[in-house]
Number of protein chains: 2
Amino acid sequence: MKRRATIKDVAERAGVSKAAVSYVLNDIRKVSAETKARVLQAASELDYQPDFTARSLTKRTSNMIGVILPLVDASIANVMQENTYYNEMISAIEKVARENGFDVLLTGLARPEEYRNWVQKRRLDGLLFLGLFPASIYAEMRSMEVPAVLIDTYEEHTGKYPSVNINDEKGGFLAAEHLLSLGHENIAFLTTGLENPVEVHRYKGFTRAFQERGMTVPSPETAETTHRLESGWMIGKKLAGSSRTAIVCTSDITAFGVIRALYEAGVRVPEDVSVTGFDDIHISRYTTPSLTTVRQHIMQKGTAAAEKLIETMKGHPAAGETFDVKLVIRESTAPPKQ
Amino acid sequence: MKRRATIKDVAERAGVSKAAVSYVLNDIRKVSAETKARVLQAASELDYQPDFTARSLTKRTSNMIGVILPLVDASIANVMQENTYYNEMISAIEKVARENGFDVLLTGLARPEEYRNWVQKRRLDGLLFLGLFPASIYAEMRSMEVPAVLIDTYEEHTGKYPSVNINDEKGGFLAAEHLLSLGHENIAFLTTGLENPVEVHRYKGFTRAFQERGMTVPSPETAETTHRLESGWMIGKKLAGSSRTAIVCTSDITAFGVIRALYEAGVRVPEDVSVTGFDDIHISRYTTPSLTTVRQHIMQKGTAAAEKLIETMKGHPAAGETFDVKLVIRESTAPPKQ
DNA sequence: TTGTATGCGTTATCAG
DNA sequence: CTGATAACGCATACAA
């Protein structure tokens with residue numbers, strides 16, 4: 001590779017000191033118009049671009065933000081593999097970062113020690129947490145002074161970091177209320193685990209809908225893994241023979257699994273059983289039946305998270321934000337059979 | 001943030017020189033057992049971890065690999081948003097990278113100049129190209145000496161870089177042959193554009209199936225954008241009134257769009273029209289009808305690409321590789337109506 | 001075997 | 001206002 005021009009080359013060509021070049025290019029100090037012109041001229045002739053590595057060393061910043069996903073069985077695949085939710089999030093983050101001159105470092109992290117080390121040795125300027133992590137990681141976080149924004153995380157886990165969320169409680173409520181108003185009474189709530197506050201809030205909203213009608217609240221059905229098609233499929237298989245007439249899922253992905261299992265068992269959706277999803281990923285509009293689901297604006301959330309992080313990094317601490325959700329009624333729900 | 005221990009701190013604590021510490025930690029030269037022990041002891045006590053930024057400066061390597069996606073309308077979203085193909089690819093790459101001590105820098109790139117600059121100022125050790133880029137980028141590449149592996153790219157575009165592919169021609173053939181053997185004659189081939197060699201090869205395979213039977217080859221239907229649900233949907237809408245009895249799609253995503261459009265037009269799949277996909281992403285097994293498709297092992301491809309890149313970076317240039325594909329017959333295909 | 005000195009490309013400090 | 005010069009943290013050629 002042809003050696004890249006350094007600041008020294010520019011300085012020599014312009015007949016000034018390295019410092020002068022730096023001043024001009026960073027517009028950090030008054031420089032005589034003539035020097036300035038010479039420097040710019042030389043820089044342009046040599047196609048000079050500052051080296052981020054060297055710059056990082058003195059500035060103690062890397063111009064990189066870290067995007068962290070939880071590791072399940074040593075891979076991020078188990079979390080993100082099947083769900084285009086992450087595609088939208090990452091696309092949004094990458095765009096905001098790139099447009100602000102930052103690069104995105106993507107990694108899966110499991111143990112808190114790794115995390116700390118990773119951040120420090122890379123001199124990351126900011127962090128974005130995608131999803132729920134072991135509580136110990138949040139403890140570790142507090143001891144570092146790196147700006148961070150949490151996504152889909154609730155206060156009890158955060159401490160001092162802004163969090164970007166959606167109104168999960170309302171989402172759960174909307175799904176339940178929709179089914180109740182259709183006339184369903186025996187409704188299952190399918191969660192991937194109530195250790196996750198996101199799931200808890202959705203379940204809370206679900207229960208509120210019942211309570212407001214003075215009905216008893218069904219206990220939740222718990223899938224054994226993360227949001228996966230197969231988790232939904234297994235629960236659907238189990239529920240196919242039950243007396244449930246409707247199933248509320250906490251992701252579109254699991255809803256698809258459920259619907260397929262029901263179909264294989266000869267149970268029709270929505271004629272026999274209604275199913276709702278959560279997220280409204282793109283494909284949900286295209287399946288048959290298309291999915292009645294709780295829509296969240298994923299890219300908006302990702303964009304907001306990245307923007308807040310960058311604001312915070314610039315020294316303007318941003319507040320968290322909770323986005324609204326709305327119910328999108330499609331074909332997977334209908335009144336119960338008589 | 002509590003100041004991080006540097007090599008100097010370790011040296012002082014161990015009562016040796018900085019150089020000695022470096023030697024021990026990098027195992028670069030023989031060091032007396034005693035010194036070694038003292039250094040390791042001190043390093044461990046101080047929880048010393050070398051700073052990658054500083055290390056990069058002298059070693060001229062960053063321990064980062066860049067994963068590059070093409071930019072469409074200033075965002076990578078338009079390419080990756082709806083397709084879990086990318087989730088699998090990225091998961092696989094991240095895992096291999098992480099396990100080999102590398103971090104993944106993810107970015108969207110459009111103009112060749114940006115690309116060159118990005119690689120140089122970040123001192124990237126290796127590059128992974130996901131998908132097809134403007135030809136000018138390949139030209140720019142040749143002038144740099146950075147190891148790279150191309151994914152889903154054909155020779156004519158590469159030059160000296162190994163490429164990881166699948167047997168696209170065979171995939172196209174399998175899909176067509178399957179439908180022909182079912183008795184279909186009027187089969188549409190839906191491509192997102194024959195500028196992309198991947199699509200060209202699939203179409204070639206498709207045509208071969210016809211030629212081997214001495215049948216005339218249908219001309220392709222071209223969607224106007226990238227692999228998107230909506231691209232498929234629009235073509236499906238157009239094809240709903242046609243005499244085609246089967247449609248071969250070059251991605252599962254577009255196939256879903258097609259199927260939905262047909263459904264909305266009252267055309268049943270597979271009773272009225274058969275549809276095949278390509279990729280076999282996870283959801284294809286769970287939709288109704290489940291999708292007959294050409295399976296490629298996406299994670300295997302991603303893993304291989306990352307491993308080849310790392311091998312090349314270590315000085316053992318790896319060869320490209322073409323993975324096999326196979327037909328997975330599910331519910332979206334059936335013999336034509338009598 | 002170990003320590004010293006220098007370079008990597010920038011930015012920050014401090015004289016002039 | 002400008003320009004040497006010293007960090008920044010690490011690796012390495014060279015000297016001891």
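In this text the structure is predicted, and so the values were computed from the model without any measurement. Here is how names work: the chains are called A, B, and so on, in the same order as the sequence lines, proteins then strands, and each is numbered from 1.
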#### Entry: Point-to-point distance, once rounded to the nearest 0.5 Å, from CD of A:E94 to CG of B:L105
10.0 Å

### Task
Could you check whether B:S56 gets within reach of a base, just the sugar-phosphate, or nothing at all, counting any heavy atom under 4.0 Å?
nothing

### Query
Hey, does B:V16 reach any base, or is it just sugar-phosphate, or nothing, if we go heavy atoms under 4.0 Å?
sugar-phosphate

For nucleotides 10-12 of chain D, which of its nitrogen or oxygen atoms have a protein nitrogen or oxygen under 3.5 Å away, and what is each distance?
unit_1	atom_1	unit_2	atom_2	d
D:dC10	OP1	B:Y48	OH	2.9
D:dC10	OP1	B:D51	N	3.1
D:dC10	OP2	B:I7	N	2.4
D:dA11	OP1	B:R55	NE	2.7
D:dA11	OP1	B:R55	NH2	3.0
D:dA11	OP2	B:S22	OG	3.4
D:dA11	OP2	B:N26	ND2	3.4
D:dA11	O4'	B:T58	OG1	3.1

Side chains of residues 305-312 of chain B: which donor-acceptor pairs under 3.5 Å do they make with residues two or more places apart or in other chains?
unit_1	atom_1	unit_2	atom_2	d
B:K308	NZ	B:A319	O	3.0
B:K308	NZ	B:E321	OE1	3.0
B:T312	OG1	B:K308	O	2.8
B:T312	OG1	B:A318	N	3.3

#### Entry: For B:D51, the option from A:K121, A:R122, A:R123, A:R60 that meets salt bridge (Lys or Arg N to Asp or Glu O under 4.0 Å)
A:R123

[X] [atom1] - [N] [atom2] separation (whole Å):
{"X": "A:L57", "N": "D:dA7", "atom1": "CG", "atom2": "P", "value": "14 Å"}
{"X": "A:K36", "N": "D:dT2", "atom1": "NZ", "atom2": "C1'", "value": "15 Å"}
{"X": "A:E34", "N": "D:dT2", "atom1": "CD", "atom2": "C1'", "value": "13 Å"}
{"X": "B:K121", "N": "C:dT10", "atom1": "NZ", "atom2": "P", "value": "12 Å"}

### Task
Anything under 30° is parallel, anything over 60° is perpendicular, the rest tilted; go ahead and classify A:F129 against A:Y138.
tilted

### Message
Do A:D152 and A:Y85 pair up side chain to side chain, a donor and an acceptor below 3.5 Å, judged on atom types alone?
### Response
yes

### Message
Would you say A:T53 and A:S56 are linked by a side-chain donor-acceptor pair, where the criterion is simply a distance under 3.5 Å?
### Response
no

### Query
Does A:T53 place a side-chain N or O at less than 4.0 Å from the phosphate oxygens OP1/OP2 of C:dC8?
no

### Query
Are A:R60 and C:dT10 close enough that a side-chain N or O sits under 4.0 Å from OP1 or OP2?
no

